[in-house]
Structures are given as structure tokens and as C-alpha cells.
Amino acid sequence: MLKIWGRANGSNVVKVMWCVGELGIEHERIDWGGRFGGNDDSAYRRLNPMGTLPTIVEDDGFTLWESGPVVRYLSAKHGLGALCPDSGQGRAEAEKWMDWSSLNLHPFNRVFTFNMFILPPEERDSDAIATAAARAAEMYDVLDRHLADRAYLCGDQFTMADIPAGSLTHRWMELAPERPSHPNVEAWYERLKARPAYREHVMSVTPGH
Ligand SMILES: N[C@@H](CCC(=O)N[C@@H](CS)C(=O)NCC(=O)O)C(=O)O
């Protein structure tokens with residue numbers, strides 16, 4: 001059975017769990033990292049030299065870390081032609097949005113999580129939150145324009161392209177201070193909220209350690 005190492009509320013674990021839920025893959029998730037520790041465990045470091053989460057291990061010993069490649073791998077293995085587009089161009093388009101989301105949206109999540117949930121109150125930095133929110137709002141301007149004439153990031157069909165951006169967007173909707181309106185992003189978010197796997201793996205977890 002597929003093993004997934006990582007605490008359920010890690011933003012990168014969330015991506016993989018949502019993907020696993022969409023694909024209905026039988027799995028065992030092991031709480032790891034954050035308050036559970038284990039990142040520096042020598043056996044874990046042999047699986048993932050970075051000590052980060054998530055890491056997956058298949059029955060045949062195939063091991064993979066880095067959440068983006070994990071989502072791509074599982075989508076191609078279990079959802080080719082659906083979650084993973086089966087044309088070269090379609091797949092590249094989906095991967096573009098996955099990488100774009102990790103590079104451009106993930107920074108706000110890190111700043112919000114530390115300054116809203118993890119740091120002691122006296123160390124929390126509201127200026128850092130405001131700066132990260134302003135930068136993310138510019139990125140949501142880009143996403144809003146892209147979503148003006150399509151239901152999902154790659155067109156009419158939900159694909160792996162939606163997973164990194166969609167998982168971070170729940171946190172954006174819930175946590176961003178004075179969040180500017182992005183009607184197309186909000187409509188897309190409503191479509192994601194209708195998906196049981198999104199509700200189970202993305203909406204039900206509280207950020208933190
Ligand atoms: N680029 C990596 C980042 C992995 C990462 O930094 N994960 C966080 C959790 S979301 C982590 O391992 N934090 C340390 C911890 O939770 O103990 C990925 O996408 O998998």
C-alpha cells in the first residue's frame with residue numbers, strides 16, 4: 001500500500017493528500033514532522049535527504065519527495081487523460097501552473113502560517129503579513145484574468161494543475177487580511193469546494209505545525 005509520510009496540515013502534504021483523495025488511492029499516511037518530529041531521523045533521511053514532508057514510498061520501494069513531482073507522478077500513474085493531461089502540450093501547460101503556484105503563491109502561505117499560527121504572539125510581524133498579502137494579491141490578479149474564460153486552470157476539466165493553487169487558495173480565502181475581490185478566482189474556489197476530496201483534505205485542516 002502507498003505510504004505517505006507527513007503531518008496532515010503541512011501545505012505540501014495537503015496537496016498530495018488532495019490528489020490521493022481525488023484518485024481514490026489506497027494509502028497509509030504517517031504523521032511526521034512539525035510537532036510529531038522525525039525529520040532528522042536517520043532512516044527518514046535515507047528516504048528523503050532534506051528531511052522535509054511529504055515523502056511517498058510505493059510497495060516496490062520506489063520513493064519520491066517534493067510535493068509537485070509527487071502529484072505529477074500519482075496523477076500520471078492513476079489518472080492519465082483525466083487528472084494528468086495525456087498530450088505533451090496539455091501536460092506542460094498543467095505543470096506550468098503547478099510550478100507557478102509553488103513559486104508565486106506559496107510564499108504568502110509560509111508568512112501567514114508562521115505569523116498567524118506558529119510564532120509566539122510577541123514575535124508575530126503584521127508588516128510581513130501585509131507585504132506578503134500585497135504580493136499575493138498581484139498574483140491573484142494574474143490568476144483572475146486567466147480564469148475569466150475557463151472553469152479550471154487548464155480549461156473545462158479539473159486537472160492536477162488546480163491542486164497546488166487550489167490548496168493554497170483555501171488559506172488565502174480564509175486568512176488574507178482585507179482580501180481584494182477576484183470574482184473569477186472566487187467562482188473557481190466555489191467549484192473546488194464542491195469536491196469531496198477538497199473538503200476532506202484541504203478545508204478540514206488548520207495550518208500550523
Ligand atoms: N518543496 C518541498 C517543500 C517541503 C517542505 O518544506 N515541507 C514542510 C511541510 S509543508 C516541511 O517539511 N516542514 C518541516 C516540518 O513540518 O517539520 C515540497 O514541495 O515538498
Side-chain angles (χ1 to χ4, degrees), residues 4-19 31-40 48-55 65-71 95-147 153 160-190 192-193 198-209:
I4 304 161
W5 300 77
R7 58 190 168 84
N9 66 348
S11 57
N12 295 296
V13 181
V14 163
K15 276 190 249 178
V16 169
M17 292 311 298
W18 180 17
C19 178
D31 278 324
W32 207 258
R35 68 184 186 282
F36 301 99
N39 312 62
D40 293 327
N48 175 347
M50 296 296 286
T52 52
L53 327 163
T55 302
W65 44 276
E66 278 297 331
S67 58
V70 170
V71 170
E95 291 180 343
K96 175 189 76 179
W97 283 110
M98 294 174 73
D99 287 359
W100 178 88
S101 307
S102 296
L103 290 167
N104 296 293
L105 299 181
H106 208 270
F108 91 75
N109 174 65
R110 187 176 168 75
V111 174
F112 283 17
T113 302
F114 270 85
N115 288 286
M116 294 179 182
F117 297 95
I118 295 177
L119 291 172
E122 65 278 9
E123 289 176 32
R124 294 181 185 181
D125 182 348
S126 54
D127 290 344
I129 293 174
T131 302
R135 172 70 181 149
E138 289 173 12
M139 296 301 101
Y140 276 107
D141 291 343
V142 173
L143 206 54
D144 202 58
R145 284 194 292 274
H146 180 69
L147 286 166
L153 292 188
M160 63 184 187
D162 296 285
I163 290 182
S167 58
L168 294 167
T169 295
H170 173 64
R171 296 186 178 196
W172 175 248
M173 293 294 176
E174 293 283 299
L175 301 174
E178 296 166 34
R179 179 172 58 75
S181 164
H182 289 108
N184 302 316
V185 171
E186 285 155 22
W188 167 70
Y189 177 55
E190 289 304 316
L192 299 182
K193 282 163 66 180
Y198 189 73
R199 290 201 297 275
E200 179 178 351
H201 297 289
V202 182
M203 300 181 69
S204 69
V205 302
T206 305
H209 248 185

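Contact annotation: the side chain of His146 approaches that of Trp97 to within less than 4.5 Å [non-hydrogen atoms, C-beta and beyond]. Between Pro164 and Trp100 the shortest side-chain heavy-atom distance does not fall below 4.5 Å. Counting only heavy atoms from C-beta outward, the side chains of Trp32 and Asn48 never approach each other to under 4.5 Å. Taking 4.5 Å as the limit, some side-chain heavy atom of Glu95 sits within range of a side-chain heavy atom of Met160. At least one side-chain heavy atom of Glu186 sits under 4.5 Å from a side-chain heavy atom of Arg179. No side-chain heavy atom of Trp18 sits under 4.5 Å from any side-chain heavy atom of Val71. Counting heavy atoms from C-beta outward, Pro177 and Ile129 have side chains that approach closer than 4.5 Å. Within the 4.5 Å cutoff, the side chain of Lys15 has heavy atoms near those of the Ser102 side chain.
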Leu192 and Thr169: CA distance, side-chain angles, deciding distance, side chain to side chain contact (heavy atoms under 4.5 Å, CB included) verdict: CA-CA 10 Å; Leu192 299 182; Thr169 295; 5.7 Å; no
Apply side chain to side chain contact (heavy atoms under 4.5 Å, CB included) to His106 and Leu168, showing your working. CA-CA 7 Å; His106 208 270; Leu168 294 167; 3.9 Å; yes
Given side chain to side chain contact (heavy atoms under 4.5 Å, CB included), test Leu143 with Leu153 step by step and report yes or no. CA-CA 8 Å; Leu143 206 54; Leu153 292 188; 3.6 Å; yes
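Contact between Asn109 and Ser11 at its shortest, heavy atoms only, is ND2-OG, 3.2 Å. Contact record, Asp125 with Ala128: OD1-N, 3.0 Å, taken as the closest heavy-atom pair. Between Val14 and His201, the shortest heavy-atom distance links the atoms CG1-O, 3.6 Å. Pairing each heavy atom of Pro54 with each of Val16, the nearest pair is CG-CG2, 3.8 Å.
In this structure, OG on Ser101 lies 11.0 Å from CE on Met139, to the nearest 0.5 angstrom. To the nearest 0.5 Å, the span separating CG on Leu147 from CH2 on Trp188 amounts to 6.5 Å. One distance of note links CZ of Phe117 with CG of Leu175; it measures 4.5 Å at 0.5 Å rounding. Atom CG of Leu105 and atom CZ of Arg110 lie 15.5 Å apart (nearest 0.5 Å).
Checking side-chain atoms of Arg135 against main-chain N and O of Phe108 turns up no donor-acceptor pair under 3.5 Å. Asn39 contributes a side-chain N or O that, together with a main-chain N or O of Gly51, makes up a donor-acceptor pair within less than 3.5 Å. Without hydrogens or angle criteria, Arg7 side chain to Gly208 main chain gives a donor-acceptor distance under 3.5 Å. Put simply, the side chain of Asn9 never gets that close to the backbone of Val205: no donor and acceptor are under 3.5 Å apart.
Using cut-offs of 30° and 60° on the angle between ring planes, the pair Tyr189 and Tyr198 is perpendicular. Classified by interplanar angle (parallel below 30°, tilted 30° to 60°, perpendicular above 60°), the ring pair Phe112/Trp172 is parallel.
For the side-chain hydrogen bond (donor to acceptor under 3.5 Å, both in side chains) test with Ser67, the passing option among Thr52, Asn12, Thr55 is Asn12; the others fail. With respect to Val202, the side-chain contact (heavy atoms from CB on, under 4.5 Å) criterion is satisfied by exactly one of Arg171, Lys193, His170, Met17: His170.
For Glu178, the CD atom sits in a loose shell: 12 or fewer heavy atoms of surrounding residues, nucleotides or ligands are nearer than 6.0 Å.
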